[in-house]
Number of protein chains: 2
Amino acid sequence: MARKAAIVGGGVIGGGWAARFLLMGWDVALFDPSEAARARVARVLEQARYALPMLYEGPLPPEGRLRVSETLEQAVAEADYIQESVSEVLDLKHRVLSDILAANPDAPAGSSTSGFTPSDLRAGLGEGAGRVLVAHPFNPVYLLPLVEIVGRDGAVPGALEAVESALSGIGMVPLVIPREIDAHVADRLLEAVWREALWLVRDDIATTAQIDDAIRLGFGLRWAQMGLFETYRIAGGDGGMAHFLAQFGPALAWPWTKLVDVPELTDALVAKIAAQSDAQSDARSIAELEAERDGNLVAILRALRARGAAAGRAIAAHEERLSLAPGGGAFTTVERTIPLDWTDYNGHMNESRYGQVFSDASDRVLDAFGAGPDYVSAGFSYFTVESTIRYLAETLAGERIRAETRITLADGKKLGLSHVMSRVSDGARLAEADQLLVHVSLETRRSCPPREDIAARLTELAAAHASDKV
Amino acid sequence: MARKAAIVGGGVIGGGWAARFLLMGWDVALFDPSEAARARVARVLEQARYALPMLYEGPLPPEGRLRVSETLEQAVAEADYIQESVSEVLDLKHRVLSDILAANPDAPAGSSTSGFTPSDLRAGLGEGAGRVLVAHPFNPVYLLPLVEIVGRDGAVPGALEAVESALSGIGMVPLVIPREIDAHVADRLLEAVWREALWLVRDDIATTAQIDDAIRLGFGLRWAQMGLFETYRIAGGDGGMAHFLAQFGPALAWPWTKLVDVPELTDALVAKIAAQSDAQSDARSIAELEAERDGNLVAILRALRARGAAAGRAIAAHEERLSLAPGGGAFTTVERTIPLDWTDYNGHMNESRYGQVFSDASDRVLDAFGAGPDYVSAGFSYFTVESTIRYLAETLAGERIRAETRITLADGKKLGLSHVMSRVSDGARLAEADQLLVHVSLETRRSCPPREDIAARLTELAAAHASDKV
């Protein structure tokens with residue numbers, strides 16, 4: 001039988017929690033006295049249904065049942081796990097948590113509070129108080145895995161483990177913070193940046209857009225895959241973290257931020273940081289960490305490029321400015337380096353990426369006779385109906401390859417292409433492909449003859465191909 | 001003729017600059033009095049040669065020539081652009097910049113300084129001082145596009161434009177900061193986080209590894225694609241940035257960071273931020289920004305998952321815990337949702353991704369008779385030698401699909417598979433594929449018969465397939 005979660009508070013955060021539990025197969029009871037909550041949660045759920053399953057290579061469990069409860073008591077009474085996400089007002093949180101504990105005798109209750117400590121929340125809640133822990137997620141809750149868990153000290157036996165188990169079961173990563181502090185960990189870092197950024201805007205040093213670019217085109221990319229300390233460990237080189245601290249410690253005395261209350265870099269603090277960093281780095285050398293970092297950055301940048309977003313958009317724009325014709329010859333349709341995200345566990349290029357090279361090569365031919373993106377915008381396209389690939393040799397990440405293409409058939413709706421892919425360094429033939437494409441109307445989604453101007457240009461190009469040996 | 005860059009200072013940053021210029025076709029003259037510089041730069045260049053071309057879909061220009069100069073004067077005399085990356089010591093920077101200006105009469109000189117302002121750098125440099133600008137990059141310089149340009153005021157005519165043109169030509173995004181301040185923009189934000197993080201470690205709130213996770217599993221993912229303000233704009237909902245500030249402004253008075261010198265949120269400051277955010281958001285609605293954010297996050301998370309890194313590793317581990325058998329039947333080999341990064345400009349699944357589904361389906365069959373990753377580790381594998389795909393219908397992002405597979409040939413080294421891919425919602429047949437695989441030794445990279453235990457299990461599975469209708 002499906003497990004039951006109660007979600008108290010149906011804002012964007014509560015909605016995100018509800019969506020995550022539902023999509024991972026839990027039944028969810030939602031309580032929020034506001035009229036608007038139902039629509040808000042429905043909207044978040046719709047977003048989550050679209051995005052979250054895309055992260056998985058298999059199907060998710062059957063979606064749980066969402067019930068909107070009339071009262072808080074109904075929502076939480078039979079819940080195995082309760083998550084409170086009401087507004088950041090301590091009195092309100094106390095009232096709601098007290099009602100939760102009264103209505104359910106056993107279940108642990110996580111609070112989404114950004115700032116309050118477990119001690120703040122538990123004050124005055126009586127003997128059930130130890131069932132309350134901070135479980136602080138990040139928006140969008142249905143995509144970001146982090147959840148900060150605070151309140152190990154003072155928790156009733158089993159409560160921490162129950163929270164960890166429930167939340168890792170729905171795909172989150174519970175980070176158990178050993179000691180409580182206002183705003184926990186991540187929001188303290190965010191608040192520091194936020195305050196510094198407000199100064200920069202106030203003093204006209206930079207605009208909001210410039211500050212966002214300063215983040216997402218630079219260190220934001222590093223932080224999506226390694227954090228602060230691991231990144232700086234690399235900067236310290238083979239001397240490790242203690243060397244980095246010796247090198248950059250002096251900046252703490254400089255006016256580099258408005259954050260002026262600076263911890264003293266005592267020998268003890270340097271030793272502590274160095275030891276923790278050693279433990280964290282998992283005995284990997286700086287060279288290994290650098291390779292890991294570069295590989296991750298390439299993968300993220302390529303993902304953003306495919307989206308046309310942020311740093312990826314900048315790379316695409318740069319390539320357009322370079323406007324490099326692929327290769328020299330009339331029939332060279334692809335020339336590129338194999339990125340490492342194209343390789344599989346055999347260490348060579350995944351077979352589907354051969355297909356991608358030939359698909360790119362076909363696009364290039366379509367471009368060449370005017371059937372590219374503009375033609376698609378006009379409502380026409382060529383769809384591939386069959387392709388056969390012969391795999392002749394292995395291809396490794398970092399190798400430069402070239403595809404050469406010949407038009408083998410240009411007959412009304414039908415277009416036949418023949419491709420050869422080879423390695424640039426030694427000319428070795430890596431794969432061959434034959435493709436059959438059919439011209440379609442994007443309106444009717446059915447085949448139809450190409451527009452006359454396009455047909456004429458295709459005939460011309462096909463004639464040129466026929467007169468050459470490839 | 002290739003343009004010429006002079007790189008003064010051959011550390012990790014100088015090496016990164018050299019690599020970027022070289023790989024974008026510039027000739028580079030390097031000067032660094034240290035013995036170790038040559039090896040350091042060679043190492044960075046090797047890393048860059050591997051990673052940077054992977055970001056581009058076509059070939060980069062022919063690599064430029066690297067020359068190591070005996071003297072600073074030789075390095076900079078004929079340069080079109082000069083980049084200084086010596087240690088962060090103002091006296092040293094003054095000496096080096098003075099020599100640079102004396103040895104080259106025209107070229108602009110960018111300084112990689114993290115902290116010094118243009119006024120700091122220019123002090124005492126005489127009439128050439130206006131050729132010096134801050135051009136502050138981020139490590140690894142050959143991958144991260146951001147470069148902060150400071151010093152518009154006081155620059156000689158044309159110098160700013162020359163720097164922007166040179167650096168955007170090598171694929172960077174020059175961010176011209178309107179007013180100078182210690183540590184520019186990005187490093188101020190970094191320094192604020194750094195100081196806050198030092199407190200957290202010092203006070204035993206969290207370890208370095210926990211702080212790194214708090215970043216890379218949460219807001220670090222947001223910051224790789226949107227910055228601080230755009231993300232908070234979304235959090236403000238349809239009320240926009242002013243609403244967000246009204247909601248979260250009070251936290252500025254709370255002890256959420258050690259950064260206690262807080263700017264006052266006057267009406268004027270709120271209005272300024274709201275107006276800049278409006279200008280930045282490009283008239284997109286919150287719903288559009290959310291869709292953009294979610295799409296980017298999905299793409300980044302999937303990229304990290306493919307790398308087995310950070311948040312992506314957490315998702316893969318979660319899916320393993322879910323241990324969901326794909327579909328119900330014995331021959332269902334793939335069941336999944338189509339992610340949006342699999343679609344092309346036609347709006348339907350790119351043909352190469354059909355190939356990926358069938359490749360995944362084949363892997364699943366190999367797993368089923370024991371020829372999965374463990375068998376690969378033991379030195380054997382199956383390579384696909386030919387595949388034919390028939391594309392029957394379009395597939396859209398968000399749709400759930402299933403592949404069913406039948407073994408059609410199991411004869412010594414040869415393995416034949418036949419796949420059918422259909423849409424789960426209505427059973428529509430989307431594509432079919434036939435694949436021929438050959439068993440190989442990974443040592444000799446040649447075909448050979450499968451190991452006996454594997455051959456036996458394959459025979460058994462093939463017999464089961466033959467007795468069923470698929």
Side-chain angles (χ1 to χ4, degrees), chain A residues 51 53-54 59 138 143 145-146 171 173 179 182-183 185-186 189 191-193 195-196 198 202 205-209 212 214-218 220-221 223-225 227 229 256-259 261 263 276 280 294 296-297 299 303 309-310 314 318 335 337 339 351-352 355-356 359 384 386 388 390, chain B residues 51 53-54 59 138 143 145-146 171 173 179 181 183 185-186 189 191-193 195-196 198 202 205-209 212 214-215 217-218 220-221 223-225 227 229 255-259 261 263 276 280 294 296-297 299 303 309-310 314 318 335 337 339 351-352 355-356 359 384 386 388 390:
Chain A
M54 292 184 180
F138 293 80
L143 288 180
L146 179 65
V173 180
R179 284 185 58 193
D182 293 288
V185 171
L189 305 176
E191 187 72 15
V193 167
R195 294 182 185 190
E196 190 68 35
L198 290 179
R202 174 186 171 279
I205 307 296
T207 65
T208 61
D212 281 359
I215 293 172
R216 68 189 185 147
L217 303 179
L221 293 160
W223 283 6
Q225 46 91 40
F229 287 96
W256 277 20
T257 131
K258 290 279 185 177
L259 198 157
D261 185 12
Q276 290 184 358
Q280 173 184 358
D294 284 5
N296 293 344
L297 287 175
H318 180 232
E335 185 164 339
T337 298
E351 61 185 78
S352 69
Q356 181 159 350
S359 166
T384 306
E386 182 167 323
T388 297
R390 290 170 295 280
Chain B
M54 291 185 182
F138 294 80
L143 288 180
L146 180 65
V173 179
R179 286 184 57 193
I181 188 172
V185 170
L189 305 175
E191 187 72 15
V193 167
R195 293 182 185 191
E196 190 68 36
L198 290 178
R202 175 186 172 278
I205 308 295
T207 65
T208 61
D212 282 358
I215 293 172
L217 303 179
L221 293 161
W223 284 5
Q225 43 93 40
F229 287 96
W256 277 19
T257 133
K258 291 279 186 177
L259 197 157
D261 185 10
Q276 290 183 357
Q280 174 184 358
D294 284 7
N296 293 344
L297 287 174
H318 179 232
E335 185 165 339
T337 299
E351 62 184 80
S352 68
Q356 181 158 350
S359 166
T384 306
E386 182 166 322
T388 297
R390 291 170 295 282

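Throughout, a chain's letter reflects where its sequence line sits, starting with A, and its residues are numbered from 1.
- To the nearest 0.5 angstrom, Glu351(B) atom CD is 12.0 Å from Glu386(A) atom CD.
- In terms of heavy-atom pairs under 4.5 Å with chain A, the best-connected choice from Ala51(B), Ala206(B), Pro145(B) is Pro145(B).
- The backbone N or O of Phe229(B) sits less than 3.5 Å from a side-chain atom of Asp212(A), completing a donor-acceptor pair.
- Taken from CZ in Phe138(A) to CG in Leu217(B), the straight-line distance is 10.0 Å, to the nearest 0.5 Å.
- Interface check for chain A: of the options Thr337(B), Leu146(B), Val173(B), the most heavy-atom pairs under 4.5 Å are formed by Leu146(B).
- Rounding to the nearest 0.5 angstrom, the gap separating the OG1 atom in Thr388(B) from the CZ atom in Arg390(A) is 8.5 Å.
- Minimum interatomic distance between Ala299(B) and Ala303(A) (heavy atoms only, all atoms of both residues): O-CB, 3.4 Å.
- With sequence neighbours left out, the side chain to side chain donor-acceptor pair (under 3.5 Å) criterion links Asn296(A) to Gln225(A), Glu292(A), Arg307(B).
- In terms of non-hydrogen atom pairs under 4.5 Å with chain B, the most contact-rich of Ala314(A), Ala309(A), Pro339(A), Ala310(A) is Pro339(A).
- Considering all non-hydrogen atoms of both residues, Pro59(A) and Glu335(B) come closest at CD-O, 3.0 Å.
- Interface remark: of the candidates Ile181(B), Ile205(B), Ile215(B), Thr208(B), Thr208(B) forms the most heavy-atom pairs closer than 4.5 Å to chain A.
- For Arg179(A), there are no salt bridge (Lys or Arg N to Asp or Glu O under 4.0 Å) partners at least two apart in sequence or on another chain.
- For the atom pair Leu297(B) CG and Leu143(A) CG, the distance stands at 5.5 Å (nearest 0.5 Å).
- Of the listed residues (Gly220(A), Ala224(A), Gly355(A)), the greatest number of heavy-atom pairs within a distance under 4.5 Å of chain B belongs to Ala224(A).
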